[in-house]
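Quick note on labels: first sequence line is chain A, next is B, and so on, each numbered from 1.
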Amino acid sequence: MIRLHDTRAKKKVEFQPREPGKVSMYVCGVTVYDLCHVGHARTAVAFDVIVRHLRARGFDVRFVRNITDVDDKIIRKGLAEGRPAAEVARSYADAMAADMDGLGVAPADVEPRATLHIAEMIDVIRRLEARELAYAAGGDVYYSVAGFPNYGGLSGQSPEELQAGARIEVGENKKSPLDFALWKAAKPGEPSWESPWGPGRPGWHIECSAMSHRYLGDTFDIHGGGSDLIFPHHENEIAQSEGAFGAFARYWMHSGMLNFGGEKMSKSLGNVVTIRRAAETHDLEALRLLLISVHYRSPAGFSIARDDAGQPVYPDLDEAEARLDYFYRTLERLDGFAGTLASPPTPPPSDLATRFVEAMDDDFNTAAGIGHLYDAFVLANKLLDDPKAAPKTERQSALTALARDARMVGTTLGIMRRPPAEFLNSRRARLCVQRKIDPQAVESSIAERAAARAAKNFQRADEIRAGLKQRGVELMDGPKGTAWRVV
RNA sequence: GGUGCCGUGGCCAAGUGGUAAGGCAAGGGUCUGCAAAACCCUCAUUCCCCGGUUCAAAUCCGGGCGGCACCUCCA
C-alpha cells in the first residue's frame, strides 16, 4: 500500500489509483527560456524517483510532463537575442533534455509542447465559454472566477482573501481582479495563432488543462509540480479543467523548493546555479544523490562557498560525490567477490530490500531509504573484510543478495547505474584535471616507491607517499599492488 | 494583512502517540612496515520556549519566539 501526501487534503492519504495497477500522472515541466538550474533539477528528480518507484511496485504508469514553449519571457529573450521566440524555446528545450539525461531523469512517456496544442486549448476555452465560465474582452479571453465556487480549494485560500491582494494591471480587460487570461490578443511582433477571438496566444495555465485532457482524459491520478505552482497555476488549472470537464486530478503532489542562503533559488534573485555549471566540476549523479537525500516535500539547501581564489565551490556536492564514491567502491568489491556465484537462494543477509520499499511506500521517503542503504553497505564491507565471519559459500550467497538489493535500490533512486569502474575512473580523471595532477607522474612515483619498498627502504617509500599526499593523491596498498585516488 | 510550511547533536537529515535512523565533522581503536580504505567504539536522558491532553508526546492541542514560501513570473 502506497501512501502519499496530497496537497489538497493537506495530509498523507492512501493512494488508490483510478484503475487497479495503472497510474496516470501529469507533472508541470519548465518554461524553456533559459538553462535549467539545480532547483529545476530537484523537482525533475523528485518526480522521476516517484515514477520509478511506482513502476518498481508494478504499476503501469503513464507519465506526461509538459514543456511550456510560449510565454512572455521567451518572447522577450527572443527580442533580446534577435532570434525568433520559437528558436529560443527549441534551443533551451534541447539543453534541458541534455541536462535531464545527465541527471538520469528518464524522459516522460509524453512531453507535449504548448505550441503544438493550440487547437486543444481553444477547445477548452470554448467549453468554458459555453458554461459561462469565460468571457471575451477586447481580443482577450478571461476565466470568470466568480463562476467557480470552489476556487481556492487547493491553496486553502478563499476568493475573498485573494481578492484583497489582487489588482488589475494596466492594459488588462478583466472584470474582476481574480480573473485570469485564457487567451491573450496578439501584440505586434509577437507570435500568434488564429482563434475564434482573433489572433493571439494562450495564457499560461490553459495548456496544462488542454494537454492533460488530451493525453490522460477527463480525470487522472496524480498531478505534480513544484510547490511554487500551487497558486495560482494549479488553482487555475483546477478551475479550468473542472469547469470544462467536470473532473480533474485525484491527487496533488508538490515538491519543496531548493534554497540557497535561506532564499529560494530563482533567476529574479540572481543566485542561480545551473545544472550545467554543476556538471563542470561534479558528477551529476552526485547532484542527484544530494537532491534525494532530503525528503521531496521539505525545503532543501544548496550550499555555496568560495575558495581561496574567490571561485564558487559547492561543499554539499563534494560530500555527496564522496558518498557516491563509497557506494561505487563497495559495489566494486561486491562484484569482485560475489560475481562468480550461482547458488541457491540464501536468506538475505540484510532487510535492505524490505526496509527500502517500506520507506518509499510511505510518501516516497528517499532520505530514510538512503539511510537503509548505508546500513547495508556497512554490513557488506564488514562481510568482505572478515573471511572468518562465515563459510565462503554463505558469504558469497549473502553478498550476492546484498549486491542485487543495492542495485534494486539504485534502480529506483536512479543512482549506481553505471559499472563501478566507469564512475571511479571518470571521477579520478576529472579530479586529476581539476587539481592539475599528472596520472603518468603518479604512476612512476608509485613504481619508484614499490622499488624502494622491495629494497626495504621504507624511509624513501614514505617520503614518496607523503609527497603525493600533499598533492591530494592517496595511495592504497593492497594484495594486487598499489592503487591510488584523488581526495 | 491572508494562506501554508518549518524549527531534531558542530553541520546535513529521517522520524505524525510508545520511549531519538542515517550521513558529514571530531576523538579513540582494529588492520597495516608506515599509511589509506574498510570496520568497531565514543559523540542529543533529549527534539526552539511555556503551558495542556495522555499510562505514554519530538510527534496531538493552546500560547509565545524564530525562519521560510506563496498571495506578481517562477520547479
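With A:Arg42 as reference, A:Val294 is the one residue of A:Val294, A:Leu290, A:Leu103 to meet the side-chain contact (heavy atoms from CB on, under 4.5 Å) rule. For the side chain to side chain donor-acceptor pair (under 3.5 Å) with A:Lys12, the lone residue among A:Asp363, A:Asp362, A:Asp6 that qualifies is A:Asp362.
Here A:Arg449 lies in heavy-atom contact (under 4.0 Å) with a base. Contact annotation for A:Asp462: base contact, defined as any heavy-atom pair under 4.0 Å involving a base atom.
Rounded to whole Å, the distance from CG on A:Leu384 to P on B:rA38 is 12 Å. Regarding A:Glu474, its CD atom lies at a distance of 9 Å from the P atom of B:rA38, rounded to whole Å.
Ranked by how close their nearest RNA chain B nucleotide is to the 5' end, A:Val294 and A:Ile230 are led by A:Val294.
Neither OP1 nor OP2 of B:rA69 sits under 4.0 Å from any side-chain N or O of A:Asn259. For the pair A:Tyr326 and B:rC39, the criterion of a side-chain N or O lying under 4.0 Å from OP1 or OP2 is met. Proximity of A:Arg323 to the phosphate of B:rC24: a side-chain N or O atom is located under 4.0 Å from OP1 or OP2.
Rounded to whole Å, the P atom of B:rU42 lies 12 Å from the corresponding atom of B:rA21.
A donor-acceptor contact under 3.5 Å links the side chain of A:Arg465 to the base of B:rC34.
For A:Asp109, the salt bridge (Lys or Arg N to Asp or Glu O under 4.0 Å) test picks out A:Arg55, with sequence neighbours left out. By the salt bridge (Lys or Arg N to Asp or Glu O under 4.0 Å) test, A:Glu448 is found to be paired with A:Arg460, residues two or more places apart in sequence or in another chain being considered.
Annotation: proximity of residues 478-487 of chain A to RNA chain B (heavy atom, distance under 4.0 Å) is found for A:Arg485, numbered in ascending order.
In this structure, A:Asp385 pairs ionically with A:Arg333, as a charged nitrogen and a carboxylate oxygen lie closer than 4.0 Å.
Cation-pi geometry between A:Arg323 and A:Tyr326 is met: under 6.0 angstrom from the ring centre, within 45 degrees of the axis.
The aromatic ring of A:Phe458 is stacked on the base of B:rG33, with the two ring centres less than 5.5 Å apart and the planes inclined by under 30°.
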